[in-house]
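See structure below.
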Amino acid sequence: MSEQLLSTLQAKYFEVFGESTTGRNKAWLQKRIAWRMQANAFGGLSDRAIQRASELANESDLRVTAPREPSRLPPPPPVNRELPPKDERLPPVGDCLVRDYKGRECVVTIMPDGFDFEGEHYKTLSAVAKAITGQHWNGFRFFKIHKQESA
């Protein structure tokens with residue numbers, strides 16, 4: 001159906017413009033055909049509009065060569081990105097979480113911007129738990145970290 005519609009639009013384009021097109025964008029073809037049909041039925045641009053467009057399109061302002069590569073531009077300034085607020089349930093940066101899973105001791109180090117497990121960096125504890133188990137786990141639940149009761 002889609003290919004048939006495209007073929008129909010291309011045939012209509014040929015009928016309206018008198019030349020074939022390799023365009024395959026349906027929305028573009030529809031707009032171009034509708035514009036041409038309207039221009040044919042009601043007349044195209046007025047002579048005044050064509051003259052004004054010619055005045056605006058001063059050929060001396062047209063670029064004839066491609067712009068140069070921006071090789072001499074200074075590097076962009078570093079972006080100051082604040083770290084998200086640390087979850088109160090987590091121990092301080094540098095501490096480790098330890099969990100025995102299927103006879104294997106899993107040690108995760110708390111980093112300022114995430115977690116380190118076996119040399120790999122993870123953004124969330126849930127991602128670490130998934131790497132360990134192969135299944136989705138809530139990271140806090142997997143490492144048995146609970147909210148502390150307020151006194």
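Keep in mind it's a predicted model, so treat the numbers as computed, not measured.
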Practice item. Go through the steps for Lys12 and Val16 under the test side chain to side chain contact (heavy atoms under 4.5 Å, CB included), then give the verdict. Key: CA-CA 6 Å; Lys12 187 67 176 179; Val16 172; 4.1 Å; yes
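- Hydrophobic clustering of Ile, Leu, Val, Met, Phe, Trp and Tyr side chains at less than 4.5 Å, counting indirect connections, unites Leu6 with Trp28.
- A donor-acceptor pair under 3.5 Å links the side-chain atoms of Gln10 to the main chain of Gly23, judged by distance alone.
- Qualifying salt bridge (charged side-chain N to carboxylate O under 4.0 Å, His left out) partners for Arg104, counting only residues two or more places apart in sequence or in other chains: Glu118.
- The main-chain N or O of Phe142 is found under 3.5 Å from a side-chain atom of Arg99 such that the two form a donor-acceptor pair.
- Apart from Val107 itself, the hydrophobic cluster it occupies contains Val98, where clustering links Ile, Leu, Val, Met, Phe, Trp and Tyr at side-chain heavy-atom distances under 4.5 Å.
- Between the CG atom in Asp87 and the CG atom in Leu125 there is a gap of 8.5 Å [rounded to 0.5 Å].
- Hydrophobic clustering keeps Leu97 apart from Val93 (ILVMFWY residues linked when any side-chain heavy atoms are closer than 4.5 Å, directly or through intermediates).
- Lys130 contributes atom NZ, which lies 10.0 Å from atom OG1 of Thr124 (distance to the nearest 0.5 angstrom).
- One finds a salt bridge joining Arg24 and Glu3 here, because a Lys/Arg side-chain nitrogen approaches an Asp/Glu carboxylate oxygen to under 4.0 Å.
- Closest approach of Gly139 and Ser126 over heavy atoms only: N-OG, 3.1 Å.
- From Phe14, atom CZ reaches atom CD1 of Ile33 across 13.0 Å, with rounding to the nearest 0.5 Å.
- Both Tyr101 and Ile145 belong to a common hydrophobic cluster when Ile, Leu, Val, Met, Phe, Trp and Tyr are linked at side-chain heavy-atom distances under 4.5 angstrom.
- Evaluation of the ring pair (Phe, Tyr, Trp, His ring centres under 6.0 Å) test over residues 106-129, restricted to residues two or more places apart or in two chains, returns none.
- Around the CG atom of Asp95, the shell of radius 6.0 Å holds more than 12 heavy atoms that belong to other residues, nucleotides or ligands.
- Distance check: Ile110 CD1 to Cys96 SG gives 7.5 Å after rounding to the nearest 0.5 Å.
- Once rounded to the nearest 0.5 Å, the distance linking CG of Asn25 with NZ of Lys31 reads 8.0 Å.
- Here CZ of Phe17 is found 4.5 Å from CZ of Arg36. Values are rounded to the nearest 0.5 Å.
- Taking the side chain as every heavy atom from C-beta outward, Phe140 and Leu90 approach each other to under 4.5 Å.
- In this structure, Leu5 is a member of the same hydrophobic cluster as Leu29, with clusters built from ILVMFWY side-chain heavy atoms closer than 4.5 Å.
- Counting only heavy atoms from C-beta outward, the side chains of Arg32 and Tyr13 approach each other to under 4.5 Å.
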